[in-house]
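Side-chain atoms are counted along with the backbone in the values below, which use heavy atoms only and exclude waters and symmetry mates.
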Amino acid sequence: MRRVLVPLLITVSLCLAQEASEACTKALTDCENDLECQNRLAPLMAACSTGTCQPQCRSAVLNVYQNKLGRILLRSDATCIPGRDELRTCNFLPAESTVHCSLGKLACEGDLQCNSKFGVFMSECEADAARGACNDKCKTLLNQTIETSVGSIFSNCTCTARDDQLCTNLKDNLLGVCLKNTPGGVTLSPSDNSITDAPGGNDLADSSVVHPSALFSAISIYLLTLFVF
């Protein structure tokens, strides 16, 4: 049995290694070689492995993103990150077409143009939007934010089913109020779309490559069959 198991396990490891892109592998190595980034990355590796979009995973992602090397890693195609399936499912990858609202806000705050536009919107419109009101001026200010390269995230950002009030308040009470009933406005994704609506459109990702989790599952079933029979 060992003669069968060892080659199979080696094959699985090699296939998973080949799946990772060079850019992602370099970003991961750079992060692991930096003490601060490494300390931020460790909780992400531990928390983002359940496939259930736990708050601990969200917090770990936001913490990693605040580190320069961590941002580079999360902006990659994520093929070298063990928890990449959950990161994609929960919209915790900033390069995807749909991004978690809290991550989008963090990205906007780190961009000079987006932050300046969003700052004006928040200072002049947050109080009214929290009460469900949004005048034409505030709709214009939000649209100006969305027109920036980073601010476009806000047009369809989302929250998970296990999010705290910070994300849902941003999505529903601030962004949603000013986007709905606006000519040309974009309807935000539902709060639980992290499971039903898979993100896509990452130019760095190669959809033709066999997904590593599917490969591993197939090998696991085969190994189980060998044990049973």
Joint cluster assignment, L170 & V120, ILVMFWY side-chain distance < 4.5 Å: yes
Close side-chain approach of V150 to Q113, heavy-atom, < 4.5 Å: no
Nearest-0.5 Å distance that lies between atom CD in Q38 and atom CD in E32: 7.0 Å
All side chain to side chain contact (heavy atoms under 4.5 Å, CB included) counterparts of A27, not counting sequence neighbours: I72, L73
Check: L87 and C57 side chains under 4.5 Å, non-hydrogen atoms: yes
All pairs passing ring pair (Phe, Tyr, Trp, His ring centres under 6.0 Å) where residues 87-107 contributes a residue, at least two apart: F92-H100
Polar contact flag, side-chain donor to acceptor under 3.5 angstrom, E96-T98: no
Any donor-acceptor pair under 3.5 Å from T145 side chain to L141 backbone: yes
Shared hydrophobic cluster, F154 / L179 (ILVMFWY, side-chain heavy atoms < 4.5 Å): yes
Pair C24-C80, disulfide bond (SG atoms under 2.5 Å apart): steps then yes or no: CA-CA 6 Å; C24 184; C80 64; 2.1 Å; yes
K171 versus T158, closest heavy-atom pair with distance: CD-CA, 3.9 Å
Pairwise distance CG(L174) to SG(C134) - rounded to 0.5 angstrom: 9.5 Å
Nearest-0.5 Å distance, OG1 of residue T79 to CZ of residue R84: 7.0 Å
Derivation and outcome, disulfide bond (SG atoms under 2.5 Å apart), residues C101 and C159: CA-CA 6 Å; C101 290; C159 301; 4.4 Å; no
Cysteines C125 and C138 with SG distance under 2.5 Å: yes
N/O donor-acceptor pair under 3.5 Å between N63 side chain and S59 backbone: no
Residue list, salt bridge (Lys or Arg N to Asp or Glu O under 4.0 Å) with R162, at least two apart or on another chain: none
Shortest non-hydrogen contact from L142 toward C178: CD2-CB, 3.6 Å
Check: E36 side chain, N67 main-chain N or O, donor-acceptor pair, under 3.5 Å: no
Any donor-acceptor N or O pair under 3.5 Å, side chains Y65, R40: no
Distance in Å, E19 CD paired with T25 OG1, rounded so as to fall on 0.5 Å steps: 10.5 Å
Hydrophobic cluster identity match, M45 and L62, side-chain contacts under 4.5 Å: yes
Test item: side-chain donor near acceptor, N173 and N169, under 3.5 Å: yes
Flag, side chain of N143 to backbone of K139, donor-acceptor distance under 3.5 Å: yes
